[in-house]
Amino acid sequence: MTTTELHDLDTMRVGDLVLSITPPTERVTLEIVVERDASLVLKAPRSATVARAEEFVASKRSWIYRKLAEKDALVGPPIVKQFVDGEGFAYLGRSHRLLIDDAVNAVRLDRGRFLAPPAVRSRGASLMRDWYTQAGTHWLRRRVRPWASRMGIDPVTVDVRDLGYRWGSARPASGEQRVNIHWATLQLPPSLVDYVLVHELAHLREANHTPEFWAIVSHLMPGYESQKTNLAAIGRGVWLGAVHGSER
Ligand SMILES: [Zn+2]
């Protein structure tokens, strides 16, 4: 049992949850806020200890997961990769082994293997993220077209980026229609990437998870419920960039 003061810390990790800690106020109770971007904030009285805060977060765990799911967050135990020959990386539902090759100067998928330059040993996460971003942008911009035209909102621009703990994001907007997809989404099988795309396209019409929102999703993808369930299950095995060792 530690009696370290909570406010000595900026952030706190409890299992797979990371919370940032706001400066102390005169409040007397602890409170967790799930922000719009799915980040977690802990508010606590000046006297709070780390032990007390950990206990509080643990008791709120299922509430936190429910809130994160409502925000399209991807949550699960962090998957950690090592940049050594034979490590597996998924692309569109298939796993490919890494082979470090002096003769290449950029990551590429070649006959079922990821060939990577030796620099991958020290900068693996960023090199792989770049690869997923580039390959994914190309793939998704073609993939989105039939869905977008069925919704009558062609063209839609897809951007691939790191969205933290969210599969995708989109909001109703006038003018250019744009959806963002997390690079890690590209590890999923195409049918689940489609679900993420359709989900975000529906957000171009309706910002919140209202009955109207789900009606749009269902119209585009009848039987989407099974994809939603699969995403929750398979999504837990997706790599979000965590690396064994010190690289970040
Ligand atoms: Zn959503």
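Order of appearance sets the numbers: ligands from 1, and atoms from 1 within every ligand. Numbers for residues simply follow the sequence, beginning at 1.
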Please list, chain by chain and in numerical order, all residues satisfying salt bridge (Lys or Arg N to Asp or Glu O under 4.0 Å) with Arg46, sequence neighbours excluded. Glu26
Could I get the full list of salt bridge (Lys or Arg N to Asp or Glu O under 4.0 Å) partners for Arg145, not counting sequence neighbours? none
Given Asp194, which of Gln227, Arg143, His199 fulfils the side chain to side chain donor-acceptor pair (under 3.5 Å) condition?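 Per the side chain to side chain donor-acceptor pair (under 3.5 Å) rule, the option paired with Asp194 is Arg143, out of Gln227, Arg143, His199.
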When you check the space around the Zn ion (ligand 1), which protein N, O or S atoms turn up under 2.8 Å?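 The answer, once waters are left aside, is Asp72 OD1, Asp72 OD2, His199 NE2, His203 NE2, His209 NE2.
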Parallel, tilted or perpendicular: which one describes the rings of Phe89 and Phe83, with boundaries at 30° and 60°? parallel
List, by chain and then residue number, the residues other than Val18 in its hydrophobic cluster (Ile/Leu/Val/Met/Phe/Trp/Tyr, side-chain heavy atoms under 4.5 Å); write none if there are no others.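 Under the 4.5 Å side-chain rule, Val18 groups with nothing.
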Can you confirm whether Arg27 is buried at CZ, in the sense that more than 12 heavy atoms of other residues, nucleotides or ligands lie under 6.0 Å from that atom?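 Atom CZ in Arg27 is packed in, count exceeds 12.
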